[in-house]
Amino acid sequence: MVPFFRPSIGEAEIAEVVDSLRSGWLTTGPKTMQFEKDFAEFLGGDLHAVAVNSATAAMHLALEALEIGPGDEVIVPSYTFTATAEVIRYMGAQPVFIDCDLATFNIRPDQVEAAITPRTKAVMPVHFAGLPCDMEGMCSLAKQHGIKVVDDAAHALPAAQNGVSIGTGDADVTAFSFYANKTMTTGEGGMLVTRNPEIAARARTMRLHGISRDVFNRFTDTKASWRYDIVAPGFKYNMTDIAAALGLHQLRRVPEFLDRRTELCARFDAAFADLPLILPASAPSGDQHSRHLYIVRTTDASPVDRDRLIAGLQDRNIGTSVHYTPLHSMSYWRESCGLEKADFPNSEAIGSSCVSLPLFMAMSNEEQDIVIAAVREIMSA
Ligand SMILES: *Cc1c(COP(=O)(O)O)cnc(C)c1O
């Protein structure tokens with residue numbers, strides 16, 4: 001049995017969580033503040049990092065801080081997780097879905113440009129599986145048209161384009177995810193990253209009910225005034241110190257996680273080179289792929305289609321996943337936005353042929369060899 005994913009939680013993470021439990025401070029507090037500081041330092045550069053309880057929350061807060069609302073359009077890939085698009089609806093704005101590139105699964109600046117209208121306020125790129133989007137192209141296009149870039153970097157820690165780490169470039173806001181199966185985890189969690197101090201301040205207020213200052217200061221500084229103001233109807237998106245306790249140690253291990261994931265991907269690439277499968281695109285030199293997911297595609301030359309490949313792996317007790325069924329074929333998005341398959345040929349082709357294979361830090365070579373042997377057996381049937 002090889003699971004699709006198993007997190008790597010070390011003794012340091014466990015001890016830090018226990019320390020939080022014993023400390024008497026469970027919710028947003030000193031560990032969350034330290035995690036924000038460490039995260040900004042890890043990315044490098046002059047950044048504000050605001051810890052929240054999911055990447056979805058971070059993207060919602062980003063659109064809120066950018067004052068995107070009814071009548072506005074935001075361009076998103078159809079080939080992404082629903083969270084990228086749903087936050088646009090939270091703000092009462094209109095998602096405009098576009099197709100992705102067939103080789104990279106990412107949206108290209110020329111595809112974005114073709115969808116820009118006078119109502120367009122922002123674009124939300126996704127770095128699919130951890131392969132960086134053309135952020136230079138995306139951000140210069142955005143600047144030219146006066147639109148914002150809200151970067152869904154849920155797959156992209158650590159990733160870089162042309163030596164520029166995702167989160168440190170020209171995007172207005174970047175959202176990272178620490179969901180259980182992401183490249184580092186806090187169980188549930190996310191980080192909003194921006195250079196803009198006003199966006200950061202607004203997100204800090206709105207992540208906790210619209211309270212005008214951090215409640216943490218109110219509780220730890222016994223001399224602080226008990227008075228506070230509510231400046232907006234905010235949300236409940238703050239990160240707990242229990243989650244941050246995990247994050248502090250997972251963050252330190254990101255380079256080690258990346259090395260192992262890179263090694264595992266190279267082993268898959270070598271083992272599948274002769275099979276009738278499309279293997280994942282690699283990053284151009286100078287770019288860093290985070291290696292979040294390893295996705296193969298079946299082709300017309302494959303002896304079995306995608307569904308039978310998944311069933312065959314399931315029969316052999318090997319976990320898989322599909323990232324993703326494109327949003328244009330999900331009933332809510334299809335019906336509410338009047339989307340047609342014909343407008344998304346690349347997303348259709350990828351979504352009907354892709355399988356994500358097990359890939360995680362703690363996967364042993366022996367476990368990977370079981371997956372390799374199973375895929376080879378099924379693909380040579
Ligand atoms: C996981 C994921 C999200 C959501 O992250 P959460 O932290 O669970 O909110 C958003 N976008 C993409 C592309 C993801 O993979």
Side-chain angles (χ1 to χ4, degrees), residues 4-5 7 32 35-36 39 49-64 74-91 95 97-98 100-101 104-107 122-133 135 138 149-159 166-167 171 173-193 203 207 235-240 243-244 246-247 250-251 261 280 289-295 320-328 330 333 347 350-351 354 356 359-360:
F4 175 67
F5 185 81
T32 305
F35 182 41
E36 290 178 336
F39 196 84
V50 181
V52 288
N53 58 15
S54 70
T56 308
M59 293 190 288
H60 184 194
L61 291 172
L63 297 186
E64 200 280 335
V74 179
I75 297 170
V76 278
S78 174
Y79 208 66
T80 183
F81 184 57
T82 193
T84 324
E86 76 193 20
V87 296
I88 301 165
R89 278 287 200 243
Y90 293 176
M91 299 309 301
F97 293 93
I98 62 169
C100 63
D101 182 83
T104 64
F105 306 9
N106 283 334
I107 55 172
V123 58
M124 300 181 70
V126 176
H127 311 281
F128 209 92
L131 179 67
C133 270
M135 288 304 281
M138 202 70 76
V149 178
V150 175
D151 193 1
D152 178 347
H155 295 185
L157 185 73
I166 299 301
V173 187
T174 304
F176 292 95
S177 174
F178 312 128
Y179 179 66
N181 70 4
K182 297 290 158 65
T183 52
M184 64 161 272
T185 186
T186 61
E188 299 278 0
M191 193 70 81
L192 178 153
V193 171
R207 76 174 162 180
F235 310 104
K236 187 68 204 293
Y237 283 165
N238 55 304
M239 175 176 276
T240 69
L246 286 168
Q250 288 271 297
L251 182 65
R261 285 172 175 278
H289 192 311
S290 76
R291 297 300 190 179
H292 170 47
L293 298 170
Y294 191 89
I295 302 175
T320 56
S321 192
V322 169
H323 298 89
Y324 297 96
T325 301
L327 296 181
H328 69 261
M330 297 292 188
W333 296 117
S347 306
I350 300 165
C354 68
S356 302
L359 177 68
F360 49 93

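In each ligand, atom 1 is the first atom listed, and ligand 1 is the first ligand listed.
Applying the 4.0 Å criterion to heavy atoms of A154 picks out, from ligand 1, the atoms 2 (C), 3 (C), 10 (C), 11 (N), 12 (C), 14 (C), 15 (O). Numbered from 1 in the order shown, with element, the atoms of ligand 1 that lie under 4.0 Å from a heavy atom of Y324 read 13 (C), 14 (C), 15 (O). When each atom of ligand 1 is checked for a heavy atom of A55 under 4.0 Å away, the hits are 5 (O), 6 (P), 7 (O), 9 (O). Heavy-atom proximity to G189, at under 4.0 Å, picks out these atoms of ligand 1: 7 (O).
Scanning the protein for heavy atoms near atom 2 (C) of ligand 1, the closest one is K182 NZ, 2.7 Å. Among protein heavy atoms, the minimum distance from atom 7 (O) of ligand 1 is reached at S177 OG, 2.7 Å. When hydrogens are left out, the protein atom nearest atom 8 (O) of ligand 1 is Y179 CB, 3.8 Å; that is the closest non-hydrogen contact. Of all protein heavy atoms, the one lying nearest to atom 9 (O) of ligand 1 is T56 OG1, 2.5 Å.
The distance between the ring centers of Y324 and F128 falls below 6.0 angstrom. When ring centroids are compared, Y179 and F81 stay outside the 6.0 Å threshold.
Of the possible donor and acceptor atoms, one in the side chain of H155 sits under 3.5 Å from a partner among the backbone N and O of A129. Without hydrogens or angle criteria, S78 side chain to H328 main chain gives a donor-acceptor distance under 3.5 Å. Judged by distance alone, the side chain of N53 and the main-chain N or O of T240 form no donor-acceptor pair under 3.5 Å.
Judged purely by distance below 3.5 Å, without hydrogens or angles, the side chains of Y237 and H60 pair a donor atom with an acceptor atom. A side-chain N or O of H323 and one of S356 form a donor-acceptor pair less than 3.5 Å apart. Side chain to side chain, W333 and T82 meet the donor-acceptor criterion of an N or O pair below 3.5 Å.
Polar contact with ligand 1: present for H155 (N/O pair, distance under 3.5 Å). Not a single N or O atom of T80, backbone or side chain, sits closer than 3.5 Å to an N or O atom of ligand 1. In terms of polar-atom proximity, defined here as any N/O pair under 3.5 Å, F81 makes no such contact with ligand 1.
When heavy-atom distances to ligand 1 are checked against a 4.0 Å cut-off, D152 comes that close only through its side chain, counted from C-beta outward. Of all the heavy atoms of S54, the ones lying under 4.0 Å from any atom of ligand 1 are found in both the backbone and the side chain. With a 4.0 Å heavy-atom cut-off, ligand 1 is reached by no atom of F176.
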**Message:** Would N181 and H292 count as a side chain to side chain donor-acceptor pair (under 3.5 Å) here? Give the steps.
**Reply:** CA-CA 9 Å; N181 70 4; H292 170 47; 4.9 Å; no
